[in-house]
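What follows is a set of notes on a single structure, which appears directly below.
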Amino acid sequence: MIDQLEASLNFSQQALSLRHERQKVLASNIANADTPGYKARDMDFGAELAKATRQGGAGAGGGLSLARTDGGHLAGQGMPSPRGELLYRVPDQPSLDGNTVDMDRERTAFADNSVRYQASLTLLNSRIQGLKKAMQPE
């Protein structure tokens, strides 16, 4: 039962962690919009999420994990940093100073990622509330 509970929440945890990492990358791009020579970066969210779920959590992928002293304990694992998997954006219109940040594209991606993060958080919260209701006696 604990394994099923862990598996049901693991996907949402990984999705939220990747959204958080992507938000930091996009914020970095926006912050460096005027930095000469800065190359905008982003991640392929779908590929990273598929890789994280294929690995079955962060422990297999190199993230931090907690020691389990009992078989009934949930595995406490952190996400591996996807920083090594960041991709460079190809600019639509290159600038003279070598900066590849397109503010319209970055703002759109930032807003889209924020909405998706909030939706994932709402979904996870409703799932936890449903599990709490199922565990309470009537």
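Along the sequence shown, the residues carry numbers beginning at 1.
The two residues A40 and T100 come nearest to each other via the heavy atoms N-OG1, 2.7 Å. Closest approach of Q23 and S114 over heavy atoms only: NE2-OG, 2.6 Å.
For N29 and Y38, the side-chain atoms include at least one donor-acceptor pair closer than 3.5 Å. R19 and N113 share a donor-acceptor pair across their side chains, judged by distance under 3.5 Å alone.
At distances below 3.5 Å, not a single donor-acceptor pair connects side-chain atoms of S12 with backbone N or O atoms of L124. In this structure a side-chain-to-backbone donor-acceptor pair under 3.5 Å is present from N99 to A33. The backbone N or O of K24 sits nowhere less than 3.5 Å from a side-chain atom of S28 that would complete a donor-acceptor pair.
Tracing side-chain contacts under 4.5 Å through hydrophobic residues (I, L, V, M, F, W, Y), one reaches L131 starting from L121; they form part of the same cluster. When the side chains of ILVMFWY residues are joined at heavy-atom separations under 4.5 Å, either directly or via intervening members, L16 and L9 end up in a single hydrophobic cluster.
Crowding of D34 atom CG: a count of heavy atoms from other residues, nucleotides or ligands under 6.0 Å not exceeding 12.
A distance of 9.0 Å separates NZ in K51 from CG in L18, rounded to the nearest 0.5 Å. We find the CG-CD distance between L123 and Q118 to be 11.5 Å, quoted to the nearest 0.5 Å. Atom CG of N125 is separated from atom OG of S120 by 12.5 Å, given to the nearest 0.5 angstrom. Interatomic distance, CG of N32 versus NZ of K39, reported as 12.5 Å (0.5 Å rounding).
The closest side-chain heavy-atom distance from T108 to R105 is not below 4.5 Å. Using a 4.5 Å cut-off on side-chain heavy atoms (C-beta onward), F11 and L49 make contact.
Partner of M43 under the side-chain contact (heavy atoms from CB on, under 4.5 Å) criterion, out of L87, L86, L26: L86 alone.
Cation-pi geometry between R22 and F45 is not satisfied (NZ or CZ under 6.0 Å from the ring centre, within 45° of the ring normal).
With salt bridges taken as basic N to acidic carboxylate O contacts below 4.0 Å, one links E106 and R89.
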